[in-house]
Amino acid sequence: MHRRIIAPGALAAASLMLAIPASAASYAPGAPGIGDPYYPAYGNGGYDVSHYDLRLKYQPTTDELSGTATILARTTQDLSSFDLDFLLDVSEVRVNGAKASFTTSGQHELVITPKTPLPKGTPITVVVRYSGVPSTKSAYGFNTWHRTPDGAVAADEPEAAWWWYPSNDHPLDKATYDVSVAVPNGTQALSNGTLQSTSSQLGWTRYNWRQNKPQATYLTTLAVGKFDITTSTSEGGVPVVNAYSKDLGDNDGAARASVERTGELVDWLSGYFGPYPFSSAGGYVPNTTTGYALETQTRVYYSPKQFANGSNASVVVHELAHQWYGDSVSLKGWKDIWINEGFARYAQWLWSEHEGEGTTQELADYVYASHPADDAFWKVEPGDPGPDNQFDIAVYDRGALAIQALRNAVGDDSFFAILKGWPQEHAYGNASVADFEAYAEKVSGKSLSSLFDTWLFQPTKPGAAAVTGAAVAKSAAVQPKSWKKIAATNDVH
């Protein structure tokens with residue numbers, strides 16, 4: 001907390017001090033970052049958001065976006081001002097009904113000063129009116145707003161919100177959402193959760209989406225375009241909404257043959273991870289040139305390039321596994337990325353075993369044998385890889401090796417109890433690698449600090465003794481049949 005310091009000895013200053021209530025000295029600006037060492041400017045301090053209400057209008061032909069964001073939050077300190085992460089042009093800000101002054105700072109900070117300071121614990125309603133052309137905005141030299149031939153997509157990690165709505169952009173501050181988007185008739189707007197209603201007026205159609213479970217900002221998606229939308233219900237009762245751009249060309253069939261298995265795969269994963277944590281599932285495949293897929297909550301984003309070589313259910317398994325590991329249970333800090341990516345990769349290994357295309361042990365053996373001791377693969381520490389290596393292949397594959405090592409150390413009964421219990425233990429919240437280690441020790445009754453240190457925090461290849469059966473030090477290992485399909489997803493999130 002930054003406190004105003006008044007120099008002693010000045011009579012005027014002393015008089016001023018007497019005129020100000022003692023509590024006023026405690027009011028200070030909220031921090032311009034939430035405190036994540038990987039991304040010091042991401043997120044903000046001083047408040048906690050509970051709900052975003054976004055009412056938007058988007059014109060695909062010009063990429064013009066306008067809207068009003070209403071943000072419900074509560075202050076966590078005595079605030080004189082606070083920041084939102086945002087890039088578009090703001091015309092008005094109100095805090096609890098009163099006009100507030102605002103300015104910009106740094107690469108992506110909207111600094112808001114309310115008419116009167118806000119005591120700690122105050123419920124606040126922040127209304128931001130804005131407009132702009134997202135594709136013309138950049139921060140840190142990049143842009144995460146993806147134009148398509150018939151619209152646009154917001155889906156990226158670790159940031160995507162700045163280009164289309166103001167937010168506290170860090171997974172630590174999750175919230176529920178109402179996303180209402182008006183688009184020209186004949187165009188659709190997709191977002192997370194369930195479609196509550198649609199309405200048409202004067203050539204525009206408005207789509208109203210609701211996410212009723214806490215959601216991280218980077219997992220909030222918007223897709224505008226001309227889609228073929230399919231709806232179904234999984235055998236386990238989960239509503240499924242999928243969408244495909246009408247101009248996917250040769251990738252269309254493979255995309256549908258993969259993504260239409262969402263309901264089946266949600267039910268299958270529920271057997272390992274417990275009940276599906278959200279009100280709907282699904283995915284969408286827009287006509288973008290990006291190469292990755294992303295676990296946008298309940299409505300997974302897939303690039304058409306994921307299906308350029310044919311159908312691939314493995315990528316769908318990966319992204320759906322994130323709905324438990326990464327979405328329902330989100331990371332505390334970006335250094336905890338292993339909990340997201342290691343387990344999503346391991347889900348692909350479980351699917352391989354289910355399909356008879358290589359057991360988890362055979363995949364572990366193959367990965368271990370494929371990387372000699374001097375390979376840079378072993379220099380990356382999945383438990384804290386650093387921002388430059390956050391999505392390095394070692395976080396995925398060495399991360400999955402660590403999980404297989406855990407399975408062999410605690411036995412299948414404890415392992416699968418951990419796998420299913422963890423998403424319930426921290427449902428809709430945040431957790432760290434240290435939290436997971438403590439949970440695994442509690443469930444298994446074993447000390448696991450050495451195992452986690454060896455596999456997640458040492459920049460060296462574990463020796464055969466440390467492997468303890470998770471992978472053997474063979475000079476070569478047979479490539480499992482599933483490997484090419486798994487490797488084809490190496491650029492997913």
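Salt bridge status for Asp228 with Arg256: present, with a side-chain N to carboxylate O gap under 4.0 Å.
The side-chain contact (heavy atoms from CB on, under 4.5 Å) search around Ser191 returns Val179, Trp209, not counting sequence neighbours. The side chain to side chain donor-acceptor pair (under 3.5 Å) test applied to Asp53 returns no partner, not counting sequence neighbours. By the side-chain contact (heavy atoms from CB on, under 4.5 Å) test, Pro123 pairs with Arg74, sequence neighbours left out. With sequence neighbours excluded, the residues forming a side chain to side chain donor-acceptor pair (under 3.5 Å) with Gln59 are Thr61, listed by chain and number. With sequence neighbours left out, the salt bridge (Lys or Arg N to Asp or Glu O under 4.0 Å) criterion links Lys485 to Glu357. Residues satisfying the side-chain contact (heavy atoms from CB on, under 4.5 Å) test with Ala216, not counting sequence neighbours, are Pro171, Lys174, Tyr218, Leu219. Evaluation of the side chain to side chain donor-acceptor pair (under 3.5 Å) rule for Trp351 yields no partner, not counting sequence neighbours. Listed by chain and residue number, Tyr38, Tyr39 satisfy the side-chain contact (heavy atoms from CB on, under 4.5 Å) test with Pro387 (two or more places apart in sequence, or in another chain). For Asn212, the side chain to side chain donor-acceptor pair (under 3.5 Å) test picks out no residue, with sequence neighbours left out. Lys442 pairs by the salt bridge (Lys or Arg N to Asp or Glu O under 4.0 Å) definition with Glu425, not counting sequence neighbours. Under the rule for a salt bridge (Lys or Arg N to Asp or Glu O under 4.0 Å), the partners of Glu92 that lie at least two apart in sequence or sit in another chain are Arg94, Lys99, Arg129.
Listed by first then second residue, pairs satisfying ring-ring contact (aromatic ring centres under 6.0 Å, His included) with a partner in residues 95-139 read Tyr42-His108, Phe86-Tyr130, His108-Tyr140, His108-Trp162, not counting sequence neighbours.
With 3.5 Å as the limit, one finds no donor-acceptor pair spanning the side chains of Gln211 and Tyr52. In summary, the side chains of Arg206 and Thr198 do not present any donor paired with an acceptor at a separation below 3.5 Å, with no hydrogens or angles considered. Side chains of Arg345 and Asn490: a donor-acceptor N/O pair is present below 3.5 angstrom, by distance only. Of the N and O atoms on the side chains of Asn192 and Thr298, not one donor lies less than 3.5 Å from an acceptor on the other residue. Ser66 and Glu64 form no side-chain donor-acceptor contact under 3.5 Å, judged by distance and modelled atom types alone. There is no side-chain donor-acceptor pair under 3.5 Å between Glu319 and His493. Between the side chains of Ser352 and Ser482, at least one donor-acceptor pair of N or O atoms lies under 3.5 Å.
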